[in-house]
Amino acid sequence: MAGGEFDLIHRHFRALGAPREDVVVGVGDDCALLRVPPGQLLAVSLDTLVAGTHFLADADPEGVGHKALAVNLSDLAAMGAEPAWFTLGLCLPERDDIWLGAFCRGMAGLAERAGVALVGGDTTRGPLSLSIEVHGFVPEGVALGRDGARPGHRIFVTGVPGEAALGLAGLQGRAAVSVAMASHLRGRLERPEPRVDEGMSLRGVASAAIDVSDGLAQDLGHLLEASGVGAVLEVDRLPRSPALDALERDASLGFALTGGDDYELCFTVAPERLGDLARAAARWRCACTEIGRIEAGRGLRLRRSNGAPWVLPTSGWDHFIS
Ligand code: ADP
Ligand code: MG
């Protein structure tokens, strides 16, 4: 972005996020120089958001900034990593200081709370899109992979999956959402809170973990696949909320199982670690709900509490979820 690129970077990206002593050189030189603590692995993840695909071009820029960083921190959380730094690749159709100011405010608020510093990036002109790469630390041997679930392990989920998708369906007029619920659901969609502290407290406790970005059934499916196991998920144990309870039961379960964008954690725990989990979860700011059990037979089986199989309704269902 010629003409004022230096000024733009200086104004918006110079000191964004938490100040950290392990940043030897941050924004402004050819590279950032960063100090990784001895004995720890560097956890790295990148996500790209494209206007029109992942957010609307006229979406509130503060929300876009928050969510772009949140979805990346969620990946660190799912690995049990402690967030440290991030870089930002930004493609802008034109310089717009008001948009950039709000975007950076949204990002900075979450960055400061999560203790991460923006240490570099790239700014170019083109269709609006952004990539964030996050970096975190995890001591060697305790990262939460997707592949550690074994038969007999219990399956848990944080928070209330399904509310973000219900918020989107409400905004698009595909689901009836009361005025009282609308702002809560919009917050769940636009300001997801990555479960960073929860993920770190699962080190040595969870046998496997994944974050729920594409729907609980699908993301749990990835975990089962990676672990070479299957599971029974008891749909009547799925976390509920006033907003989900206002829907017909099948629709509410559909949102909980297939709705994306929640950024909750789904994880498994061996029976002998359940006491450790209870102690850890007592300090969490979100719910922790047991929803099923790992079995040797491959695949995900959905059951009612009476043991009867439950199938995602197909007719009338795609009406609710795009
Ligand atoms: P170079 O041409 O050497 O790649 P740039 O002019 O692209 O350097 O960037 C100058 C400095 O500003 C670098 O330290 C780079 O990391 C930083 N920077 C550029 N764009 C961003 C951005 N969107 N967010 C954070 N830092 C950025
Ligand atoms: Mg450059």
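Order of appearance sets the numbers: ligands from 1, and atoms from 1 within every ligand.
Listed by number with element, the atoms of ligand 1 under 4.0 Å from a non-hydrogen atom of Leu118 are 24 (N), 25 (C). Heavy-atom contacts of Leu88 reach the following atoms of ligand 1: 22 (C), 23 (N), 24 (N) (cutoff under 4.0 Å). Each of the atoms 3 (O) of ligand 1 lies under 4.0 Å from some heavy atom of Asp30.
The pair Arg249-Asp236 counts as a salt bridge, with a side-chain nitrogen and a carboxylate oxygen less than 4.0 angstrom apart. No salt bridge links Asp47 with Lys67; every basic N to acidic carboxylate O contact stays at or beyond 4.0 Å. The pair Arg285-Asp197 counts as a salt bridge, with a side-chain nitrogen and a carboxylate oxygen less than 4.0 angstrom apart. A salt bridge links Asp7 with Arg95: at least one charged nitrogen is closer than 4.0 Å to a carboxylate oxygen.
Atom CD of Glu248 has 12 or fewer neighbouring heavy atoms from other residues, nucleotides or ligands inside a 6.0 Å radius.
Polar contact check, Gly28 against ligand 1: a nitrogen or oxygen pair lies under 3.5 Å apart. For the pair Val119 and ligand 1, the shortest N or O to N or O distance does not fall below 3.5 Å.
Taking the side chain as every heavy atom from C-beta outward, Val269 and Phe156 approach each other to under 4.5 Å.
With a heavy-atom cut-off of 4.0 Å, Thr123 touches ligand 1 through backbone and side chain alike.
Judged by the shortest distance from any of its heavy atoms, His12 lies outside the 4.0 Å radius around the atoms of ligand 1.
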